[in-house]
Undergrad: 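Before we start, here is the structure in question, set down as structure tokens.
Worth knowing before you read on, the calculation uses all heavy atoms, side chains too, and leaves out hydrogens, waters and symmetry mates. To find a chain, count down the sequence lines: A is the first, B the second, and so on, and within it residues start at 1.
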Amino acid sequence: MPELPEVETTRRGLEPALEGRVIARVLVRNPALRWPVPPEVALAAGQTVSGCRRRAKYLLIDLGDRNPADNGLMIHLGMSGSLRICDSADAPRKHDHFDLVLDNGFCARFNDPRRFGALLWWRGEAENHQLLRDLGPEPLTDDFTGEVLWRRSRNRKGAVKNFIMDGKIVVGVGNIYASEALYMSGIHPARQARRISAARYEALAGAIRDVLARAIRSGGTTLRDYLNSAGRPGYFARDLLVYEREKQPCFQCATPIRRQVIGQRSSYYCPRCQR
DNA sequence: CTTTACGCCTGACGGC
DNA sequence: TGCCGTCAGGCGTAAA
């Protein structure tokens, strides 16, 4: 399940394959994704890829000669999406939705069994797109600090886990890494966001940065179906401290890890180490 | 403004 | 072996 590290890993695999290449055409086999693939994506044909960026969990393909690019593609991997570089003559597999066919015979092929992913078109500035406009800071930039978390949490009565998974607060923290970061910083996932001190938010922000950076270094987490652009899994699952470890001993104190549903999502935590 | 529930979708899995 | 219910999860959206 792609969270920020998985999307970033995909981006890094895509970049050398796409940048500087011309998109020959966009071949849509099955437009049924989260939103139907819009016809505008055909405008990519004949344009040169000038960059592969990531904002939150969205991949942005910059097209055209302008700098900065003023139009391009936007891809979301959803729950089960993956993009891989392959020969465009390769036979499509089940759930292959579209190809970005390149001028060298290769393509970026998007596969998504659960169809929560998306392929969209943007023009103007990508950051102004409806889906990106109101997003919070990137967790791996200097804009993201414990102070920001603390300030924005003062009126939040909900669980801190939901708070850090809110894309308006900080982007890219999905269910897996939220549990991990809260464990690393000793904070109980169900604690009210407004009842956490500035010092503890500093620790939490550090843990979020740390776990995301380490997961990127491991190529992401493959629990069920995530694959990178080379069709390979990520290896961070072996480093998970609490996620999907219900009833197994805490690595710090050996207390059995608990699972609790918070905001309709499974959360994992150590009842002794996290308060 | 925040908070909550829902729905989209397939595949894996458990129970019978 | 098959059938069916449940769960997983990102995140936009509607409603409270």
Undergrad: Could you check whether the rings of A:Tyr269 and A:His188 sit parallel, tilted or perpendicular, using 30° and 60° as the cut-offs?
TA: tilted
Undergrad: Count the heavy atoms belonging to other residues, nucleotides or ligands that lie under 6.0 Å from CH2 of A:Trp121, then report whether that count exceeds 12.
TA: yes
Undergrad: Are A:Glu127 and A:Arg53 within salt-bridge range, i.e. N to O under 4.0 Å?
TA: yes
Undergrad: Regarding A:Ser266 and A:Arg259, is there a side-chain donor-to-acceptor distance under 3.5 Å anywhere?
TA: yes
Undergrad: Applying the 4.5 Å side-chain criterion to the ILVMFWY set and letting contacts propagate, would A:Leu63 and A:Ile85 be lumped into a single cluster?
TA: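 Same cluster: A:Leu63 reaches A:Ile85 through Ile, Leu, Val, Met, Phe, Trp or Tyr contacts under 4.5 Å.
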Undergrad: Quiz question: by atom type and distance under 3.5 Å, do the side chains of A:Asp99 and A:Ser88 form a donor-acceptor pair?
TA: no
Undergrad: Return the value, rounded to whole Å, for the distance between atom CG of A:Leu77 and atom C1' of B:dC9.
TA: 16 Å
Undergrad: Atom CZ of residue position A:Arg258 - does it have more than 12 heavy atoms of other residues, nucleotides or ligands inside 6.0 Å?
TA: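 Open: at most 12 neighbouring heavy atoms sit under 6.0 Å from CZ of A:Arg258.
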Undergrad: With respect to the side chain of A:Pro113, which nucleotide from C:dG12, C:dG10, B:dG11 is positioned closest?
TA: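 Nearest nucleotide to the side chain: B:dG11.
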Undergrad: Within this structure, what is the CD1-to-P distance between A:Ile169 and C:dC11, rounded to whole angstrom?
TA: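 It works out to 15 Å between those atoms.
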Undergrad: To the nearest Å, give me how far apart NZ (A:Lys94) and P (B:dA12) are.
TA: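 About 9 Å, once rounded to whole Å.
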Undergrad: Find out whether the Lys NZ or Arg CZ of A:Arg245 is both under 6.0 angstrom from the six-membered ring centre of A:Phe251 and within 45° of the ring's axis.
TA: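 Yes, a cation-pi geometry holds between A:Arg245 and A:Phe251.
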Undergrad: What is the distance from CD of A:Glu244 to P of B:dC13, rounded to the nearest Å?
TA: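 Value for this atom pair: 12 Å.
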Undergrad: In whole angstrom, give the distance that lies between atom CD of A:Glu6 and atom P of C:dC11.
TA: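 For the pair A:Glu6 CD and C:dC11 P, the rounded distance is 11 Å.
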Undergrad: Rounded to whole Å, please give me the gap between CG in A:Leu131 and P in C:dG12.
TA: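 In whole Å, C:dG12 P and A:Leu131 CG are 6 Å from each other.
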Undergrad: Decide if atom CZ of A:Arg29 counts as having more than 12 heavy atoms of other residues, nucleotides or ligands within a radius under 6.0 Å.
TA: yes
Undergrad: Sort me out a list of protein N/O and nucleotides 2-7 of chain C N/O pairs below 3.5 Å, or just none if empty.
TA:
none

Undergrad: Rounded off to whole Å, could you give me the CG-to-P distance for the A:Leu135 and C:dC11 pair?
TA: 9 Å
Undergrad: Could you check how far OH of A:Tyr58 sits from C1' of C:dC11, rounded to whole Å?
TA: 7 Å
Undergrad: For A:Tyr177 and C:dG10, is the shortest distance between a side-chain N/O and OP1 or OP2 below 4.0 Å?
TA: no
Undergrad: Could you write nucleotides 3-8 of chain B as a row of B, S and -, 5' to 3', where a protein heavy atom under 4.0 Å of any base atom gives B, of only sugar-phosphate atoms gives S, and otherwise -?
TA: S-BBBB
Undergrad: When you measure from the side chain of A:Glu3, which nucleotide among B:dT10, C:dG12, C:dG10 comes out closest?
TA: C:dG10
Undergrad: Reckon A:His95 has a side-chain N or O less than 4.0 Å from the OP1 or OP2 of B:dG11?
TA: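 Yes.
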